[in-house]
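Because only heavy atoms are used, hydrogens play no part in the values below, and waters and symmetry mates are left out as well, while side chains stay in. The structure displayed is predicted, hence computed values, not measured ones.
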Amino acid sequence: MSILGTVVRTRPEHAAPVAQRLSALPGVDLALNPGDGRLVAVIEDALVDGQTISAAATLAQVAQWPDVMGTSLVYEYSGPDAPPPEGSDAIDYRAWRDSLAPAPRTPT
């Protein structure tokens, strides 16, 4: 199993269509789209029609899209699949995104 944290860079005017296309890919979770052309995505290995599509293959495919200026691999996890923790059906694996909110500013 592989999990990749990536930044996909596009022109701001292409961000919305690229984000929509990214979100439609199996194994891709679009985590952040600030609207300035940077898209933060989490890509996992995906099973499609009985075939495993690696996260790396998905990232390589995205990097070749005409509206994508570049991709950056920010985080990679590769390891054996582990059994899910007990009661994991109640765990929202996307909850980490709440930590991406900007920290409150304190007056100086």
Side-chain angles (χ1 to χ4, degrees):
M1 172 166 99
S2 292
I3 301 171
L4 307 178
T6 64
V7 176
V8 177
R9 184 74 174 152
T10 186
R11 295 190 183 279
E13 60 269 20
H14 298 146
V18 170
Q20 185 176 17
R21 190 172 173 193
L22 260 176
S23 295
L25 291 174
V28 175
D29 178 30
L30 185 62
L32 188 64
N33 178 1
D36 62 359
R38 294 173 299 150
L39 304 169
V40 178
V42 177
I43 305 173
E44 298 180 67
D45 294 343
L47 189 63
V48 177
D49 297 328
Q51 294 277 77
T52 300
I53 301 173
S54 72
T58 300
L59 181 58
Q61 174 190 359
V62 170
Q64 295 178 21
W65 292 353
D67 291 337
V68 171
M69 295 169 33
T71 59
S72 298
L73 178 63
V74 180
Y75 172 83
E76 178 186 13
Y77 167 81
S78 295
D81 290 342
E86 195 170 314
S88 64
D89 56 343
I91 297 173
D92 182 5
Y93 69 92
R94 294 168 290 194
W96 64 269
R97 288 188 278 178
D98 294 336
S99 67
L100 293 175
R105 294 185 180 202
T106 56
T108 54

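- Counted within 6.0 Å of CZ on R38, heavy atoms from surrounding residues, nucleotides or ligands total 12 or fewer; the atom is thus considered open.
- In this structure, V42 is a member of the same hydrophobic cluster as M1, with clusters built from ILVMFWY side-chain heavy atoms closer than 4.5 Å.
- In this structure, the side chains of L25 and V62 come closer than 4.5 Å at one or more pairs of heavy atoms.
- If you take CD1 on I43 and CD1 on I3, they are separated by 11.5 Å, rounding to the nearest 0.5 Å.
- A donor-acceptor contact shorter than 3.5 Å links the side chain of T6 to the backbone of A41.
- L22 has its side chain within reach of W65: a pair of non-hydrogen atoms, C-beta onward, lies under 4.5 Å apart.
- Here the OG1 atom belonging to T71 is positioned 10.0 Å from the CD atom belonging to Q64, to the nearest 0.5 angstrom.
- Taking every heavy atom of both residues into account, T10 and A15 meet most closely at CG2-CA, 3.6 Å.
- When the shell of 6.0 Å around CD of Q20 is examined, it contains 12 or fewer heavy atoms from other residues, nucleotides or ligands.
- A distance of 7.0 Å separates OG of S78 from CG of L4, quoted to the nearest 0.5 Å.
- No single ILVMFWY cluster, assembled from side-chain heavy atoms under 4.5 Å apart, contains both M69 and V40.
- Here CG of D67 is found 9.0 Å from CD of E13. Values are rounded to the nearest 0.5 Å.
- Although no hydrogens or angles enter the test, the distance criterion places a donor-acceptor pair under 3.5 Å between the side chain of D45 and the main chain of S2.
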